[in-house]
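Every value quoted in this text rests on a predicted model; they were computed, and no experiment measured them. Just so we're on the same page: letters track the sequence lines, and every chain starts at 1. Values below: every heavy atom of this structure, side chains too, minus hydrogens, waters and symmetry copies.
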Number of protein chains: 2
Amino acid sequence: MPTNTDDIALPGRTAPLAMDADTFRALGHEMVDQVAELLATLPDRPVTRGETPSEVRAALNAERDLPETGEDAGAVLGRATTLLKEHSLYNGHPRFFGYITSPPAPIGILGDLLAAAINPNVGAWVLSPMAAEMELQSIRWLSQLVGFPDDGGGILVSGGNVANMLGFWTARVAKGGLEVRTAGMAGIGGGRLRAYGSAETHTWIQKAADLAGLGTESVRWIPTDEDLRMDVGKLRAAIEADLAAGDRPFMVVGTAGSVSTGAVDPLPEIAKLCREFDLWFHVDGAYGAFAAALPDAPSDLKALAGADSVAMDPHKWLYAPLEAGAVLVRDADRLRDAFSYHPAYYHFGQSAINFFDRGIQNSRGFRALKVWLQLQHAGREGYVRMIGDDCRLSRELHRHVADTHELEPHHQSLSISTFRFVPDDLEERAGEEAVGEYLNALNRAIQARLEREGEAFVSNAVVRGRYLLRACIVNFHTDTDDVEALPEIVVRTGRKVDAEMRTEGLGEG
Amino acid sequence: MPTNTDDIALPGRTAPLAMDADTFRALGHEMVDQVAELLATLPDRPVTRGETPSEVRAALNAERDLPETGEDAGAVLGRATTLLKEHSLYNGHPRFFGYITSPPAPIGILGDLLAAAINPNVGAWVLSPMAAEMELQSIRWLSQLVGFPDDGGGILVSGGNVANMLGFWTARVAKGGLEVRTAGMAGIGGGRLRAYGSAETHTWIQKAADLAGLGTESVRWIPTDEDLRMDVGKLRAAIEADLAAGDRPFMVVGTAGSVSTGAVDPLPEIAKLCREFDLWFHVDGAYGAFAAALPDAPSDLKALAGADSVAMDPHKWLYAPLEAGAVLVRDADRLRDAFSYHPAYYHFGQSAINFFDRGIQNSRGFRALKVWLQLQHAGREGYVRMIGDDCRLSRELHRHVADTHELEPHHQSLSISTFRFVPDDLEERAGEEAVGEYLNALNRAIQARLEREGEAFVSNAVVRGRYLLRACIVNFHTDTDDVEALPEIVVRTGRKVDAEMRTEGLGEG
């Protein structure tokens, strides 16, 4: 018997989100056509409109409250498409040289469509049988691509931060002991756990040390050599000093492709030191690990094969749509030790992998599908070609920069090039403190102006007090004409901004 | 001058992942048609094939190594589609009653397609102007949907685990002090930080305490009353005892819709206690928070409005494709205090939100788009109708269970119903220990059999030593005929399994 009067209803429910197959087909074809149009017209669009938050909010009608009543799916989708096409930055644009963000591979875009439609929950094997196996295969393939042992563990995650954090948490338990998980950092006694990375290590290490309860003070930032690579002699000295002080060194982070300049730490030497002191060797290869696939990759990079764990981001140099990060772990049991709350025989026996045992998520999406598709669509050869071309284009760009009057080349490594604009009359005086400060302000302003005008997009690096422009190519749409054009764009913008700043009196003194 | 001989090449690169617009259009239309076919035929497919890992691996050819050469995109996509259609569990199937996983809303599927094509990096505002603003608007709308203050902070994350963990980390800094971040848990001195949740709290709290460096022993599991709701008297006693012992209580987790039975903790009383003792009040509403949108929602649930932070999963009761979790935080500054490494004026001024300041990710995908689309497509009214219908169907199911000979109803709350199969001759003897054990084994076996046969899918709850079958409806495809059918399916399967187990001698003793 119904207990609530409203419980009598429901003779065939109608749901506002339900959609019949014909409507889905029509709206889906329209959306595919919109995306195809975007792919075709991308080079003709600005990289970004450089709008202010207020301008974007006005276009969105950001103050609007949650609508009471529903709206036709086509109308909502149409509005979204228009707003996004007109007010986005396109990291797939051939002249997007900023940060480390790749174009989304078209087959990966379709992969995300299929993943959402199948909608497997890749946390538990039983909820995602084929998807979970495809993820396992993708992890093995990623290992094979970069020369890491392919019989270990691994998991796909949101991106580099979480991939690196998983390495950090795994190291914490592997070297700090299982009691860390129950007793906590304050409860395990002994000296303070210490992690080591070069001064060029990405900010994730701060977040990891903070969020894992070690505190940022537990991180030792090791100075770098003139090429911005970790000074291994100073690493040894720091470890020995900490040991002498009663602390407990537990991991070293080697960076394989620094964000600023693409520098690769001397991984073979770091690996050796980790073996000597029984430390976990983690490699942050979020960007650079993929370049280990190149036959002529430097031996420093190939030595990531000797790490205990490696972070790498398929949404960087595998050109997958966001989000796709990955961590590979030499010994799958260490990953389980750090994250599982289930005995190994849980539910399905050891042969079924439940990914919730390997990371921080419980429910998980199917980000593996795009990786699985892309690795087959391009093959190893295809990736070697695309990654190699990005590196060659970066070297070509650096040569154009060197050949360009008023541009001062700095670093070139992997597919990153740094340089700055130096006005003619300041070239000889760049060493003066006031001139150095002006050049920093000038190049910061050039970067902002480029960002606003949308012809090309660069980000920056600050190296030894110098504000540099930084072009990173992880983009199979970028070609020779783009790297030929960039120096001219920067010089033209630089002259304009310089003139403005001098007029405003900022160039004096 | 080229420094490498290979640097001379590149007269117009060709990239294996590049795809012209016509090819994308053709492959995209084909994929959309495949998805439309799936949507149309879902009810006629098994919920799952119940295959073993070996069977799935054989179908996948899981041992295959990374291909050397690339392959036509259409062929790869076709293989993926076939493999996934034939070897997946469909959480969108109308007779999927397991765990808490919803069907993917069709408009959300198209949202994930568009999100991947635009590919904004929603970590930094400059890389995702419109997408970041859409995420902010979505967070405000989610707040308005469930009655939480809409002028606070929030962020979309992968799912409930991370959403709840963000609440935990935020509480740790808000109540433990900023020095937690630098000095770590071992460095701050003072008593041990203590978190409190009911015995029904989801396992995320273990992971959070572990990964945040507090250790699982820092969690106090408060006993529940007969309705499996936190006993607030015992919560008070635990807090007072810990204070007396010199520990530092810092947060209480109220569960709004437990995973096992949908129980909602007495949130108003917990809120009051948190104010009294100056504790952070976090609500795990990953599942149940959405039901606060119902006009007749229980006052216990509506009291989530008084929390400091609330976790809720759009990929649960907003019916979004995986992944979409969210955490709402009353005071946005607390979120920044816990996660930002940048002063507030960083780069773009306070008016531009960089989501990397609000959580653990740096690069971030555009999971907000499906949420933004779906909230407008259904409107508040549509969600009230769909969520209300799910709850009504659950109550209807529970009545059918009660009316069904051999089924024993247990709990019903929100859209979860629990029950078990009890053979006729054991009904009077269910209290005997051996019989109780047999019933547990029997119902476990029934669940496994259902899983293998794919006619309907339920999961389980273990309550006070009893193994119960558990049906959860967060599915706008589920209708009256499905909840009418389930009891018959369970009884038919139960009789068969019971007979087999008795034949095998497992029923004796």
Student: Which region of A:M165, side chain (C-beta onward) or backbone (N, CA, C, O), has a non-hydrogen atom less than 4.5 Å from a non-hydrogen atom of chain B, or is it both or neither?
Tutor: side chain

Student: Would B:D33 and A:H29 count as a side chain to side chain donor-acceptor pair (under 3.5 Å) here? Give the steps.
Tutor: CA-CA 9 Å; B:D33 293 348; A:H29 286 191; 2.7 Å; yes

Student: Quick check for you: to the nearest 0.5 Å, what is the distance between B:D65 atom CG and A:D150 atom CG?
Tutor: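 Going from CG on B:D65 over to CG on A:D150, the span is 6.5 Å.
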
Student: B:L145 versus chain A, heavy atoms under 4.5 Å apart: side chain, backbone, both or neither?
Tutor: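 For B:L145, heavy atoms of backbone and side chain both lie under 4.5 Å from chain A.
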
Student: Contact part of B:T203 toward chain A, heavy-atom cut-off under 4.5 Å: side chain, backbone, both or neither?
Tutor: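 Neither part, no heavy atoms under 4.5 Å.
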
Student: Can you say whether A:P106 sits under 4.5 Å from chain B via the side chain, the backbone, both, or neither, judging by heavy atoms?
Tutor: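 For A:P106, backbone and side chain are both near chain B.
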
Student: Counting heavy-atom pairs under 4.5 Å to chain A, which of B:T182, B:L39, B:I109 comes out on top?
Tutor: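 Max contact count across the listed options: B:T182.
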
Student: Identify which part of A:L369 has an atom lying under 4.5 Å from any heavy atom of chain B, answering side chain, backbone, both or neither.
Tutor: side chain

Student: Where on A:L38 is there a heavy atom nearer than 4.5 Å to chain B: the side chain, the backbone, both, or neither?
Tutor: side chain

Student: Identify which part of A:D22 has an atom lying under 4.5 Å from any heavy atom of chain B, answering side chain, backbone, both or neither.
Tutor: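 Neither part.
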
Student: Could I get the full list of side chain to side chain donor-acceptor pair (under 3.5 Å) partners for B:R79, not counting sequence neighbours?
Tutor: A:Q376, B:E71

Student: Give, as side chain, backbone, both or neither, the part of B:D72 having an atom under 4.5 angstrom from any heavy atom of chain A.
Tutor: backbone

Student: For the candidates B:G187, B:P321, B:A378, B:A116, which exhibits the highest count of non-hydrogen atom pairs separated by less than 4.5 Å from chain A?
Tutor: B:A116

Student: At a 4.5 Å cut-off on heavy atoms, which part of B:F476 comes close to chain A: side chain, backbone, both, or neither?
Tutor: both

Student: Under the 3.5 angstrom rule, does the side chain of B:E133 hit a backbone N or O of A:R57 as a donor-acceptor pair?
Tutor: no

Student: Under 4.5 Å from any heavy atom of chain B, what part of A:T69 do you find: side chain, backbone, both or neither?
Tutor: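 Backbone plus side chain of A:T69, per the 4.5 Å heavy-atom cut-off to chain B.
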
Student: Chain A: which of B:M19, B:Q374, B:R64, B:R192 shares the most heavy-atom pairs with it under 4.5 Å?
Tutor: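 Max contact count across the listed options: B:R64.
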
Student: I'd like to know if the side chain of A:N91 reaches the main chain of B:N119, judged simply by a donor and an acceptor atom lying under 3.5 Å from each other, with no hydrogens or angles considered.
Tutor: yes

Student: Tell me if a side-chain donor or acceptor on A:W169 pairs with a main-chain N or O of B:L211 at a distance below 3.5 Å.
Tutor: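 Judged by distance alone, yes, a pair lies under 3.5 Å.
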
Student: At a 4.5 Å cut-off on heavy atoms, which part of A:T23 comes close to chain B: side chain, backbone, both, or neither?
Tutor: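 Contact with chain B: none, neither part.
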
Student: So, the side chain of A:R13 versus the backbone of B:M386: is there a donor-acceptor pair under 3.5 Å, distance only?
Tutor: yes

Student: I need the A:F366 CZ to B:L322 CG distance, nearest 0.5 Å.
Tutor: 11.5 Å

Student: Mind checking what makes side chain to side chain donor-acceptor pair (under 3.5 Å) contact with A:E179, not counting sequence neighbours?
Tutor: none

Student: Quick check on A:R140 against chain B: is it the side chain, the backbone, both or neither that has a heavy atom closer than 4.5 Å?
Tutor: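 Side chain only.
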
Student: Could you look at A:V180 and say if it's the side chain, the backbone, both or neither that has a heavy atom under 4.5 Å from chain B?
Tutor: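 Backbone only.
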
Student: Determine the option with the most heavy-atom pairs under 4.5 angstrom with chain A, choosing from B:A62, B:S88, B:G382.
Tutor: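 Heavy-atom pairs under 4.5 Å are most numerous for B:A62.
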
Student: Chain A heavy atoms under 4.5 Å from B:P129: which part of the residue, side chain, backbone, both or neither?
Tutor: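 Contact with chain A: backbone and side chain both.
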
Student: What verdict does the side-chain contact (heavy atoms from CB on, under 4.5 Å) test give for B:E51 and A:M130, after you've listed the backbone C-alpha separation in whole Å, the side-chain angles of each residue and the deciding distance to 0.1 Å?
Tutor: CA-CA 10 Å; B:E51 295 170 309; A:M130 181 54 74; over 6 Å; no

Student: Under 4.5 Å heavy-atom distance to chain B, tell me which part of A:L127 shows up: side chain, backbone, both or neither.
Tutor: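 For A:L127, heavy atoms of backbone and side chain both lie under 4.5 Å from chain B.
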
Student: Is chain B contacted by the side chain of A:Y90, its backbone, both, or neither, given a heavy-atom distance below 4.5 Å?
Tutor: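 The side chain, not the backbone.
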
Student: Between B:E68 and chain A, which part of the residue has a heavy atom less than 4.5 Å away: side chain, backbone, both or neither?
Tutor: both

Student: Tell me if a side-chain donor or acceptor on A:N161 pairs with a main-chain N or O of B:I360 at a distance below 3.5 Å.
Tutor: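 Yes; judged by distance alone, with no hydrogens or angles, the pair exists.
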
Student: Can you tell which part of A:F339 gets under 4.5 Å to a heavy atom of chain B, answering side chain, backbone, both or neither?
Tutor: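 The answer is both parts of A:F339.
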
Student: Below 4.5 Å, heavy-atom pairs only: which of B:D112, B:I188, B:L110, B:L136 has the largest tally toward chain A?
Tutor: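 Option with the greatest count: B:L110.
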
Student: What part of B:S54 gets closer than 4.5 Å to chain A, counting heavy atoms only: side chain, backbone, both or neither?
Tutor: neither

Student: Let's test your reading of the structure: which of B:M185, B:R367, B:E86, B:Q144 forms the most heavy-atom pairs below 4.5 Å with chain A?
Tutor: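 It is B:Q144.
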
